[in-house]
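The sequence lines fix the lettering, A, B, ..., with proteins before strands; numbering per chain opens at 1.
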Amino acid sequence: MQQPSIPKGTRDFSPEEMAKRNYIFGTIKRVFQLFGFRQIETPAIENLSTLMGKYGEEGDKLLFKILNSGDFAGAVDTAEWNAQNSNKITAKIAEKGLRYDLTVPFARYVVQHRDQITFPFKRYQIQPVWRADRPQKGRYREFYQCDADVVGSDSLLNEVELLQVVDEVFRRLQIAVTIKLNNRKILSGIAQIIGAEENIIDITVAIDKLDKIGLDNVNAELATKGITQAAIDQLQPILLLQGDNAEKLAQLKMALAASPIGLQGISELETIFEWLKPLSIQNKVELDLTLARGLNYYTGAIIEVKANDVQIGSISGGGRYDNLTGVFGLENVSGVGVSFGADRIYDVLLQLNAFPETVSENTAVLFLNFGLQEQAIALTLLNTIRQTGINAEIYPEATKIKKQMNYANQKNIPWVVILGENEINQGVVTLKNMQSGEQKVVSHEQLIEYIV
RNA sequence: GUGGCUGUAGCUCAGUUGGUUAGAGUAGUGGAUUGUGGUUCCAUUGGUCGUGGGUUCAAAUCCCAUCUGCCACCCCA
């Protein structure tokens, strides 16, 4: 018989892994709630018309598409099959797809339910998303995003609060991170100044690689994209900015003096840094002009978070998008949000060995099973213990004690209650601490006190 | 989507220039110990060597395809 398997880039989660994952989800959820976000869910599948065209050309390729039910092949005639144009055929045989992120479905949700929503609307959402990417370490085809977004408010206070959310989540998870900040308007300003506005995507993609491939290679790539040498020369002082955030902004202000949009981006960042100052942010927040982000719906602030001590892609990201609801027919509703990548955070915590000991949602007490008579008494005791909120279970079979003890040991259960003939005759139980190996004879009433 | 590496018991890995019946540790199960786990000792289950083809008298070993995991690019959480 062939071993069963699961699709590439997907995973099963064991009880131990789920306990750790729930620790991450719980932490993020708590912080979201602290800042006034409320939870929603949306379906795993969306209409392809909702998803297509929101993530750029690459994104469309990475969408999982779902075949229409019924005789989907009948929708395509022989000539179309023979033309072998995948895009055209796909459009006829698939009208649904798996969600690629949570932001676009959220924008759809806002537009669809606008009459029930009070703006500004703060929502959070923790659900899996799917991408038909080629898997690698920290890159899966099914993974969870934890998003918090505010729509219907232009205030930069939202950006500031979201940065606080990010800082607080990673403070609680005890992961040291660097929060990188940029503004799409600055990138537009740069393109404007060097007279290459049509190439803004090429420019941002190229300078995004600066710390990876170096200045010379970036310049070479810009040249192959048809950027003039004069423009590339103009770009150099901007790429080579030095100093702290304030110094960089000051230099940028001079460089982009002729670009109103660039100046606006700078002023937005200045405001954010200014408001952030008294808030005792623990992690480093730095201006990073090379931060471009591929998602092309961002229009203002761009945020990306990197773990300081673990080599992995970004573990969190986000930004402001002014027109996302516009494509669904609701204009002038600006949104801003952040997204946490739970699966990568899991990998980081594992590598840092930073999961707390107490994350287990484990059984606290195991009652050994000595047979029918003992079992009856154990069950009533179990009941009262569970009423106090303590996780407790009884071994379901009256097998050898050795085997039952081993079960407790394997499951890391800290307390074992021994309740056999001897104990019943004396009206007590024997309580064993599995870590120290100590045993105590206690009355039924004392039992709970000892466990707590 | 492009290029590269990889795959032997549940897990970690041996396996000679292709040569009889593929090994070890660990985990599992049973026992030493019919009211005591994590240490010890004994016994024992478990593999059509990722899958499918091919070359050969003979393939875990060589060749091809395919799947998986990983790495780089692309992109991103």
Side-chain angles (χ1 to χ4, degrees), chain A residues 1-11 14 24 28 55-63 86 100-103 126-147 166 177 201 204-206 208-209 212-213 217 221 291-296 298 302-307 311-318 337-348 366 368-371 374 395 398-424 429-439:
Chain A
M1 197 177 40
Q2 186 143 14
Q3 278 284 330
S5 65
I6 53 176
K8 186 201 292 207
T10 65
R11 293 144 305 149
S14 69
I24 296 170
I28 293 172
Y55 309 107
E57 220 173 295
E58 282 298 320
D60 284 353
K61 280 190 215 155
L62 298 180
L63 281 170
S86 299
Y100 179 91
D101 71 357
L102 300 179
T103 307
I126 299 178
Q127 289 190 274
V129 303
W130 294 268
R131 295 182 189 179
D133 214 338
R134 184 172 290 199
Q136 281 178 32
K137 198 182 213 78
R139 169 186 286 188
Y140 308 99
R141 299 183 113 178
E142 177 186 67
F143 61 96
Y144 274 72
Q145 288 194 330
C146 311
D147 276 33
V166 169
V177 298
I201 290 175
T204 55
V205 166
D208 187 29
K209 296 178 190 165
K212 214 180 218 173
I213 62 175
N217 291 323
E221 179 164 333
L291 173 58
R293 294 188 61 80
L295 292 178
N296 55 7
Y298 289 121
I302 315 172
I303 302 165
E304 189 168 287
V305 180
K306 289 259 195 182
Q311 199 70 34
I312 199 165
S314 56
I315 54 178
S316 186
V338 290
S339 175
F340 294 86
D343 304 80
R344 284 186 179 174
I345 291 173
Y346 182 96
D347 291 345
V348 168
L366 175 75
L368 298 192
N369 192 325
F370 283 83
E374 294 88 339
Y395 198 88
T399 55
K400 278 196 278 285
I401 302 309
K402 176 186 163 118
K403 191 171 181 178
Q404 302 191 36
M405 293 294 277
N406 191 44
Y407 175 83
N409 199 47
Q410 292 294 331
K411 264 186 97 172
N412 248 315
I413 298 174
W415 298 101
V416 167
V417 171
I418 300 165
L419 178 55
E421 212 183 325
N422 301 342
E423 284 83 2
I424 289 179
V429 300
T430 301
L431 180 64
K432 174 162 182 150
N433 181 318
M434 291 297 280
Q435 259 137 32
S436 63
E438 282 174 54
Q439 292 191 185

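A donor-acceptor contact under 3.5 Å links the side chain of A/Glu423 to the base of B/G35. Residue-to-nucleotide contacts include a donor-acceptor pair under 3.5 Å from the side chain of A/Asn422 to the base of B/G35. Looking at A/Lys432, its side chain comes within 3.5 Å of the base of B/U36 through a donor and an acceptor atom. Within 3.5 Å, no donor on the side chain of A/Arg134 pairs with an acceptor on the base of B/C75, nor the reverse. Within 3.5 Å, a donor on the side chain of A/Gln439 pairs with an acceptor on the base of B/U36, or the reverse.
A/Tyr140 carries A/Arg11 over the face of its six-membered ring, with the cationic atom under 6.0 Å from the centre and within 45° of the normal.
When distances run from any side-chain atom of A/Asn409 to the nucleotides B/G38, B/U36, B/C74, the shortest one goes to B/G38. With B/A77, B/G35, B/C75 as the choices, the nucleotide that has an atom nearest any side-chain atom of A/Glu58 turns out to be B/C75. The side chain of A/Lys8 approaches B/G69 more closely than any other nucleotide in the set B/C76, B/G69, B/G37. Considering only the side chain of A/Lys403, B/G30 comes nearest among B/C71, B/G30, B/U68. The side chain of A/Arg344 approaches B/A77 more closely than any other nucleotide in the set B/G30, B/A77, B/G37. Minimum atom distance to the side chain of A/Lys402 is reached by B/G37, of the listed B/G35, B/C75, B/G37.
The interatomic distance linking A/Asp60 (CG) with B/G1 (C1') rounds to 14 Å, in whole Å. In this entry the distance linking OH of A/Tyr407 with P of B/A27 reads 20 Å, nearest Å. For the pair A/Glu304 CD and B/C75 P, the interatomic distance rounds to 13 Å; values are reported in whole Å. One atom, CZ of A/Phe340, and another, C1' of B/A77, lie 11 Å apart when rounded to the nearest Å.
When the C1' atom is used for both B/A22 and B/U16, the distance is 14 Å, rounded to whole Å. A gap of 15 Å separates the C1' atoms of B/U68 and B/U8, to the nearest Å. When the P atom is used for both B/G53 and B/A60, the distance is 14 Å, rounded to whole Å. With C1' as the reference atom, B/G46 and B/G37 are 25 Å apart, rounded to whole Å. B/G54 and B/A14 have their P atoms separated by 30 Å, given to the nearest Å.
Of the N and O atoms on the side chains of A/Glu142 and A/Thr10, not one donor lies less than 3.5 Å from an acceptor on the other residue.
The shortest side-chain heavy-atom distance between A/Phe143 and A/Arg344 does not fall under the 4.5 Å cut-off.
One finds no side-chain N or O of A/Gln410 lying less than 4.0 angstrom from the OP1 or OP2 phosphate oxygen of B/G38. Between A/Lys61 and B/G1, a side-chain N or O to OP1/OP2 separation shorter than 4.0 Å is absent.
Results of the side chain to side chain contact (heavy atoms under 4.5 Å, CB included) test with A/Phe340 over A/Ile315, A/Ile126, A/Val166, A/Asp147 single out A/Val166 as the only residue that passes.
In this pair, A/Tyr395 and A/Tyr407 present their aromatic rings perpendicular. The plane angle is above 60°, beyond the 30 to 60° band.
We find that A/Arg141 and A/Asp133 are not joined by a salt bridge, their nearest charged nitrogen and carboxylate oxygen being 4.0 Å or further apart.
When each of A/Pro135 and A/Gly138 is assigned the nucleotide of RNA chain B bearing its nearest heavy atom, the one mapping closer to the 5' terminus is A/Pro135.
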